[in-house]
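Atoms within a ligand are numbered from 1 in the order they appear, just like the ligands themselves. Note that these values count all heavy atoms, side chains included, but never hydrogens, waters or copies made by symmetry.
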Amino acid sequence: MNLLDRITACLLKIGKFRGRPAESTGLTPLPAPAATEGRGMIVQAGWLIDGSGGAARRNVRLEIRNGRIQAIEAGVTRASGAHASRPKPDIDLSGCTVIPGLIDSHVHLTMTGDVDDVLRARLREAPFEVVRRMIQENLREHLRRGVIAVRDGGGCRGNTLRFSNSHHERGQPVRVLAAGRAWHRSGRYGRLIGRPPDRCLALAEAIRQDGESADHIKIVNSGLNSLTAYGSQTSPQFDLDEMSAAVQAAAERGLPVMVHANGEAPVRIAVMSGCRSVEHGFFMGCENLARMADMGVSWVPTAVTMQAYAKFYRQVGKNPDVALRTLDHQLEQLAAARRLGVNVALGTDSGSPGVHHGAAVIEELNLLMQAGFTLEEAVRCASHNGAQLVGGTSGLLEKGSPATFIAVNAAPSRLPNELKRIRSVFIDGVKQLEAG
Ligand SMILES: [Zn+2]
């Protein structure tokens, strides 16, 4: 059996690729439709959460033309709409909550959420054909939960970038923004998601000379969180001069920088360097949060990773206390970030052990709400705030914005958990998925 067959067999054994999500969930991917042109369509929504953080509105009519929202009118039921001799809705979602298409601002598409170390190691070495199928599977899982764009934090062989730059991405509706391989200091954490600069090159020079046509630059500036010593912090991988020069080199290539950083010093250097976003940010402290609010640096907190570690540790009989306390601390930081007005963008780190593509978005939304965010604010983190990192959309449902939304078969009071039961997904006014 060759390597491809062995890895595929391994994946089949654990349930990956066994049946398509469409068959197992009742959601049907639709054939690529033509863009809606000419005559518009009227959508009747039971509730609308528009991505701004404002309260859900009841009985909303959306008029859509050429893939964009032409008008929004609240307080119109099907009956009152008919009485006022308005046109009948083309799509009746009166039992549904409509929210913007979601953005997961931190994923690793070349990894799965499986905790089996042997499988994870094999996948890192797998041929591109296997990786390509896994990425497509992961993207289907995202779409099933209403995720319409993902921002990838890197892989050791840069295969997400290869996927997004190749024809393989065409025909699948989820936008992929890829870092390729992340940068880390030689001998420090980051080997699994990237590479160090060549021995003779400074980080900035390596970025300048790099030929990969990435969507953003990912730099690793700390270690991982300890799961055994609560609150222990690692030293920065790069100093402020190195990081500032790197951000400048990325800017010369027109690319924003996302920085993996935990702990006060690594995050302070990242923020002061002018990076676009801090990823994880465990134990960064309130001074850094205040600085981020002032400087407009986004935070992608990936709290669900600690919840996943705690669950896994319990399953294998290890002590989950440090992971749980770290999660609690992150939720306290989130509450502070909300008070300070930091741009919090939802990201899951999907592909980390126990963090599953798509499903983890629901868990992270729940954690934001545990930290004190309202449902509407949590949705904003996963739409408008994420859109500031991925571009191409405002992440809002307002007049003039793309008609990119999901309909969930439930009232807002049953969100975010009911994202498991999405009725349909529209991107630019075109239906991508429909509940069967
Ligand atoms: Zn990551």
Side-chain angles (χ1 to χ4, degrees), residues 103-115 117 120-121 123-124 131 134-135 138-139 141-142 147 149-161 163-164 176-185 188-196 214-227 234 237 256-263 266-267 270 275-284 298-309 312 323 326-327 330 344-361 363-364 367 381-382 386 389-390:
I103 296 164
D104 189 335
S105 292
H106 190 129
V107 303
H108 295 277
L109 285 176
T110 57
M111 302 184 211
T112 76
D114 296 291
V115 292
D117 282 342
R120 295 181 69 83
L123 284 174
R124 281 195 294 277
V131 176
M134 186 173 60
I135 291 174
N138 290 339
L139 290 171
E141 290 296 313
H142 279 287
V147 175
V150 296
R151 181 170 169 255
D152 195 274
C156 56
R157 289 157 64 209
N159 276 330
T160 300
L161 184 61
F163 175 87
S164 70
V176 176
L177 290 107
R181 291 173 290 169
W183 295 100
H184 67 92
R185 185 174 287 287
R188 292 288 307 271
Y189 166 72
R191 190 173 52 83
L192 299 183
I193 56 170
R195 44 50 214 262
D215 298 298
H216 49 260
I217 299 291
K218 167 82 176 287
I219 300 175
V220 183
N221 199 36
S222 73
L224 288 172
N225 266 311
S226 172
L227 293 165
T234 56
Q237 296 198 15
V257 177
M258 64 191 285
V259 182
H260 163 119
N262 296 308
V267 171
C275 72
R276 178 69 58 87
S277 67
V278 168
E279 312 295 309
H280 319 301
F282 290 95
F283 301 107
M284 72 164 103
S298 296
W299 180 29
V300 185
T302 66
V304 66
T305 53
M306 282 301 128
Q307 185 167 268
Y309 272 121
F312 173 56
T326 303
L327 173 60
Q330 190 75 329
V344 175
L346 180 142
T348 58
D349 216 2
S350 291
S352 295
V355 185
H356 298 280
H357 290 275
V361 171
E363 295 174 63
E364 187 76 6
L367 290 171
C381 294
L389 297 178
V390 304

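For His280, the ring pair (Phe, Tyr, Trp, His ring centres under 6.0 Å) partners two or more places apart in sequence, or in a different chain, are His106, His260. Every residue two or more places apart in sequence or in another chain was checked for a ring pair (Phe, Tyr, Trp, His ring centres under 6.0 Å) with Phe312, and none qualifies. With sequence neighbours left out, the side-chain contact (heavy atoms from CB on, under 4.5 Å) criterion links Ala308 to Val355.
Distances shorter than 2.8 Å separate the Zn ion (ligand 1) from the protein N/O/S atoms His106 NE2, His108 NE2, Asp349 OD1.
With hydrogens and angles ignored, the 3.5 Å screen pairs no side-chain donor or acceptor of Asp104 with any backbone N or O of Val150.
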**OP:** Could you go through the side chain to side chain contact (heavy atoms under 4.5 Å, CB included) check for Ile103 and Leu389 one step at a time?
**Re:** CA-CA 9 Å; Ile103 296 164; Leu389 297 178; over 6 Å; no
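The only member of Val131, Thr110, Leu192 that meets side chain to side chain contact (heavy atoms under 4.5 Å, CB included) when paired with Arg124 is Leu192.
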